[in-house]
Each structure stands twice: as structure tokens, then as C-alpha cells.
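Computed over heavy atoms, backbone and side chain alike; hydrogens, waters and symmetry mates excluded. When a ligand or atom number is given, it counts from 1 through the structure's own listing order.
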Amino acid sequence: MPASSEWDLAVVGAGPAGSTAALAAMRANPAARVLMLDSAHFPRDKICGDGVAPHALDILAALGVDLAALTAGTAPVRDLRLTSPRGVTAARRFARPASVVPRALLDLRLVQAARTAGARLRRHRVRTLTPVRDGVDIDGIAWARVVIGADGAESVVRRQCGARRAPAGTTAIALRGYTSAQPWPAGEQRLVMTTAHWPAYAWVFPIGDGTANVGYGELIRAETPTRAHLTERLHALLPDCPPVTLRGHRLPLSPGRPDVGHGRVLLAGDAASLINPLTGEGIYYAILSGFLAGTAALTTGPADRYRRSLRETLGRHLRHTDAVSRLIRAPWLVDVATTAARDHQRAFDDLVEIGLGAGTIRPALAAAMLTALARPSRSGPA
Ligand SMILES: Cc1cc2nc3c(=O)[nH]c(=O)nc-3n(C[C@H](O)[C@H](O)[C@H](O)COP(=O)(O)OP(=O)(O)OC[C@H]3O[C@@H](n4cnc5c(N)ncnc54)[C@H](O)[C@@H]3O)c2cc1C
């Protein structure tokens, strides 16, 4: 590859958002010159719960990704045990199983799929974008007609393109570790919430190979919680969790109307603050937004087209989760929703769609919540 090269599209960051964007662009035009730039060498770890919603796999399958190869070495997770802040438990079967694929594997496999489709990968840490000649210069090493910033939570591209900063109170932090001493049933995901430091929860996501991903996260308020605090909370919520090596990372939660780019620079995934503010799930949004950005990138007016398609697919859901995330600052509402999910499969399914997919509160969940509220033993405001 020459020192300075010309591309139809440069994708900064080759995580799920970046690889999917490259795949989508190559699918839209197999002759396109698509470059992925990543500061890391693959395989690389990404601190994450590794939970992959079936909705994300649907998009990848439509792009021709072999899902059996993508999830090889893991087993589908069929059940979810949800414990609300004040201890209501809903344990039910997912309508569609989830997957838990360690990111070292998932991201490597996605990068390989994008390369097989014709995208090129170069190791480089991007620092500066400069608008030039109907395109964008990247650190003097490459010129591209369009750039997709998929460089994660600390996105340089986001800062360089002048995107709006996320509002205060929309960033969370979480610690994650792997354990092979699994005291929990295999095939069941666990989420344990707590009123302490609310909103906050711990998770157990079994991978299906005898190991599990465990972690704890909470919203960042005035001060960033310390590692000692987060570790103490993890073991308080999962008392049977063996000692585990933990690493932390920030989560830019979706503010409802995220700023996803300007002119020739589009933002996808965490770089666009696209993480579900209710659950911390970001892989589905990363893959969906990467798909839409990659599809729009080679058209005229890419930013407008991308913004429109993202609004059409996710806009209502994002505004909804933003509003709900404000309402549930009162944790008793989550007790009510969990009671509804405990008592009604359809309410449970609706709740999962909101947390993992693009769902909104539908009549089944609303009715079940009203019923739960009306009970004498209801979980209501204290
Ligand atoms: C502890 C924790 C647990 C989570 N659990 C889950 C979960 O279970 N399920 C779920 O759906 N989501 C989860 N998330 C969120 C999920 O990890 C992210 O939403 C997801 O990784 C976003 O993908 P991405 O492609 O946008 O960014 P990333 O996966 O962060 O990829 C960004 C890429 O950009 C590269 N990069 C960064 N800066 C530069 C630069 N300047 N130049 C070149 N390359 C650069 C990085 O090396 C990286 O490869 C969790 C997050 C955390 C922190």
C-alpha cells in the first residue's frame, strides 16, 4: 500500500460497527476501494459483556456472514433471570436465544469477513482528519471520499468532525472479567439490579464453553466510581462469584437524538454514542448503524441519507429508551416492569425487545405493568 493512498471509503475502527460498515459498503459496490484503519492488531480484546442479540446476527446474515462460523465455540443462551432493584425475579425463556461470543473472537471473525469481501485493513492510530479536494485527508497517509468514524467510546473522529458532545449523565462505566469456576446454571443469563448506586447492575453471561463473562456497571455521576468500589459492588451482587481479574471501560449511552455526522464524516456505534441507556447493550446498535452508514457512504449526500435511514429504523426506539431511562431513575418502576415480566411471557418478550432490540413499550407490557401496580402486594413507590 502506498504511503498516501486514495479510497472511496475509509473506516476508522474495525470493531463491530467498522467491520459491518466495510461489509455493507463492499456489498453495495463490490468494486469500491474500502480501507479499514485500526490502532490495534487483531485478534484484540474489547472490554464487553460479549452478549450479542439475535437482531445483530440477522443483519450480519443478510450481509452474507456465516453465523455458524461467527459463533463457533459458543452455545446459544436460551434463558434470562432478571432480578429487579428491590428483588423481584423474572426467570423466563428468550423468544429467540442470545449469543455470548468473546470479543477477541467476534471482532476477529468480523474483520476477516470484511477483508474477504474486499476491504483492506491497515494498522494505524488515526489522529487528524483534514477536509481536502472533495474528500478527507487522514494523517497524510490516506485520502478518502467519505470517512466513517467507528472508533469507539473515546472516538477521535467524533471530536475531529465537531459532533455535539453527549449531555452530562449519559456515560456509564463497567468492569468485566472471565471465570471458569461457574457456580451458575449454564445456558442462563443473569442480570442482578440494585437500588444502591442505581441505575446499576451485575451480569453473568455464560459463553457455553464452561466459562462465563461477569461484570458490574453503573452510571457515572459527578465523580467516576473507583475500581475498588466497582469490584466491591460486583461481589456484593454476585456473592458466589469467584475472584476474577477485572478490566474497565466507559459506555457512551444514547441521548435519544445522537449526532451521527456531518458532510463527509459519518459516525457509527459507540463513536455516535449508540448504547442502549437501559441495558448497556451496544453491539446491535453498532452493527445496525455500521450497516446503515456503510450502505449510505458510497451514495451522494451520505450524511443526510445515513441520518434519515437511522432515524427510520431506530429513531422512535432511541427517543423511547431515552425517555424511559429518565423515568426509571425511580427504581420502583423497574420492580413493576419485572413483576409484569415475571407474570406474563408477552410482557417479558416486550421488555427484552426494548433492552436488546429496537422495541418500545407495547400494550402487553403496559397492561401487565398496570396489573402489577394495582396488586395489594405491588412494588410501588416507597
Ligand atoms: C464492560 C462493558 C460491557 C458491555 N457489555 C455489552 C454486552 O454484553 N452486549 C452488548 O451488546 N454491548 C455491550 N457493551 C457495549 C459494547 O461493548 C459496545 O457498544 C461495542 O463494542 C461498540 O462497538 P464499536 O464497533 O462501536 O466500538 P469498539 O468495539 O470499541 O471498536 C472500536 C475500534 O476502534 C479502534 N480505535 C479506537 N481509536 C482509534 C483510532 N484513533 N484510530 C484507529 N482505530 C481506533 C479500536 O482499536 C477498536 O478496534 C459493553 C460495554 C462495556 C464497556
J.: Cut-off 3.5 Å, side chains only: do Y284 and D58 have a donor facing an acceptor?
T.: no
J.: Looking at S19 and P16, would you say the former's side chain and the latter's main chain have a donor-acceptor pair under 3.5 Å?
T.: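 A pair under 3.5 Å: no.
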J.: So is Y285 in contact with ligand 1, going by heavy-atom distances below 4.0 Å?
T.: no
J.: Under 3.5 Å, is there a donor-acceptor pair linking the side chains of T171 and R250?
T.: no
J.: Under 4.0 angstrom from ligand 1, any heavy atom of R44?
T.: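 Yes; R44 lies near enough to ligand 1 that a heavy-atom distance drops under 4.0 Å.
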J.: Could you tell me whether some N/O pair between A17 and ligand 1 is separated by less than 3.5 angstrom?
T.: yes
J.: Mind checking whether Y284 has an N or O less than 3.5 Å away from an N or O of ligand 1?
T.: no
J.: Does the residue R127 have a heavy-atom contact with ligand 1, meaning some pair of atoms that are separated by less than 4.0 Å?
T.: no
J.: Purely on distance, is any nitrogen or oxygen of I283 under 3.5 Å from one on ligand 1?
T.: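 Looking only at distances, the answer is yes, because the N/O contact criterion of under 3.5 Å is met.
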J.: What protein heavy atom lies closest to atom 8 (O) of ligand 1? Include the residue and the distance to one decimal.
T.: G51 N, 3.0 Å
J.: Hey, is ligand 1 close enough to R176 that some N/O pair sits below 3.5 Å?
T.: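 There is no such contact.
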J.: Is the shortest N/O to N/O distance between R125 and ligand 1 below 3.5 Å?
T.: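 No.
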J.: In this structure, does ligand 1 have an atom that sits under 4.0 Å from one of the heavy atoms of G217?
T.: no
J.: Side chains of R81 and Q189: any donor to acceptor distance under 3.5 Å?
T.: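 No, because no side-chain N or O of Q189 sits under 3.5 Å from a partner of the opposite role on R81.
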J.: Please work out whether the ring planes of Y216 and H229 are parallel, tilted or perpendicular, with thresholds of 30° and 60°.
T.: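 Aromatic pair Y216/H229 classed perpendicular.
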